[in-house]
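Each ligand, and each atom within it, is numbered from 1 in the order the structure gives.
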Amino acid sequence: MRSVYLDYAATTPLDPEVFDVMKKYFLEIFGNASSIHKYGQSARASLEESRMKIASLITAKPGELFFVSGGTEADNFAIKGAAMHAAKSGKNHIITSEIEHHAVLDCCKYLEEKGFEVTYLKVDKSGILNPHQVEEAIKPNTGLISIMFVNNELGIINPIKEISEITRKYKIIFHTDAVQALGKVEINVEELNVDLLSLSAHKIYGPKGIGAIYIKSGTDLEKLIHGGGQERGKRAGTENVPLAVGFAKAAENVIKNLTSENQRLSNLKSYFQRKISDLFPFVLFNGSDSKCVPHILNVSFNSSKINIDGEALLLNLDLEGVAVSSGSACTSGSLQPSHVILGIGRDLETAKATIRFSFGKYTNSDDLDYTLEVLQKVVKRIGKIL
Ligand SMILES: Cc1ncc(COP(=O)(O)O)c(C=O)c1O
């Protein structure tokens with residue numbers, strides 16, 4: 001049976017070239033980057049070189065980039081760290097959007113329990129946030145605004161530069177989760193004018209377990225992890241040099257190929273979308289056609305036209321070798337519809353019958369034709385047209 005992986009927004013396979021450059025840092029250059037001897041110093045040199053490469057790819061200074069364990073930690077550090085610092089001067093109000101990743105939303109919920117006030121902004125029908133809403137939500141005690149760059153379920157791109165202009169006017173710390181943006185849209189922190197930005201390696205064919213946070217110089221955060229003085233005192237713990245080297249190589253590769261790969265993926269997506277709307281007239285496309293990354297296509301089966309169980313759909317596609325994501329989470333045995341799909345106004349049943357297809361560098365048109373074939377078979381088997 002054919003195997004088709006269409007879940008690149010969840011994670012990507014490691015680039016073999018990345019694996020090759022990482023190997024010697026596990027086996028030969030294994031020193032602790034904080035050690036003074038030559039083993040430590042060669043590890044340190046490679047760590048700093050990796051920092052420099054990633055920083056230059058987003059137009060940051062090397063001293064503004066800090067390695068962490070992934071996007072989740074970067075988001076936690078940015079939100080809890082900035083909120084706790086701002087609260088020292090009485091600014092305990094946070095603004096975010098309803099459709100952020102749980103790494104952001106759950107930090108905000110945690111902070112609410114600790115006495116912070118959070119405004120969760122609604123997005124429009126395509127999932128994009130209107131910058132005016134941000135301005136309207138600002139209060140005298142707003143200390144932090146966190147709005148994602150690219151949404152992981154819909155692929156929409158938020159107007160980060162416009163939002164940052166507002167945050168500059170009111171001198172409020174601005175964080176953006178750019179985990180899904182890296183390698184898909186240009187990230188230039190100077191132009192975007194953000195204070196904090198989260199990145200992760202495993203979405204760009206790099207290793208799992210490493211990410212980075214950009215902290216604009218002069219931005220103060222409370223630290224979350226205490227211990228040694230690594231990462232210039234901001235994030236304790238022995239540095240993971242092999243993963244940092246892999247992250248830098250992966251970032252270099254995706255950014256080098258960004259334009260051509262985006263064009264290729266965009267062609268594949270248009271083809272797939274056209275075929276889906278021809279074959280399944282009861283499908284609704286979620287997101288935006290123009291302001292979106294080229295590799296994510298989110299579709300819902302309209303509950304007023306077809307009765308189909310989202311979980312069964314996903315499992316049946318998997319049985320036929322096609323791996324996609326539902327965006328729903330299984331909590332206590334029941335399928336919870338995605339907060340993102342509900343956030344753009346879909347009804348509960350439609351939200352439950354939603355699939356995210358996400359493409360990547362090994363996706364080709366044969367994969368998509370096979371997926372369409374399987375989808376037709378499965379929908380016919382388990383769907384009931386109303
Ligand atoms: C938008 C977004 N933020 C944060 C994360 C978390 O990143 P990580 O898996 O590196 O912890 C993800 C991963 O799915 C994501 O898509």
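Using the six-membered ring where Trp is involved, His339 and His102 have ring planes that are tilted, between 30° and 60° apart. Taking the six-membered ring where the residue is Trp, Phe272 and Phe357 present perpendicular rings, their angle passing 60° and hence far from 30°.
At a threshold of 4.0 Å, the pair Arg51-Glu48 counts as salt-bridged, since one of the basic side-chain nitrogens sits closer than that to a carboxylate oxygen.
A donor-acceptor pair is defined here as one N or O able to donate and one able to accept, closer than 3.5 Å; such a pair exists between the side chain of Ser358 and the backbone of Tyr8.
Taken together through direct or relayed side-chain contacts under 4.5 Å among Ile, Leu, Val, Met, Phe, Trp and Tyr, Ile341 and Leu317 form parts of separate hydrophobic clusters.
Residues with a heavy atom under 4.0 Å from ligand 1: Gly70, Gly71, Thr72, Asp75, His101, Met148, Asn152, Asp177, Val179, Gln180, Ser200, His202, Lys203.
Tyr39 has its ring centre less than 6.0 Å from the ring centre of Phe30.
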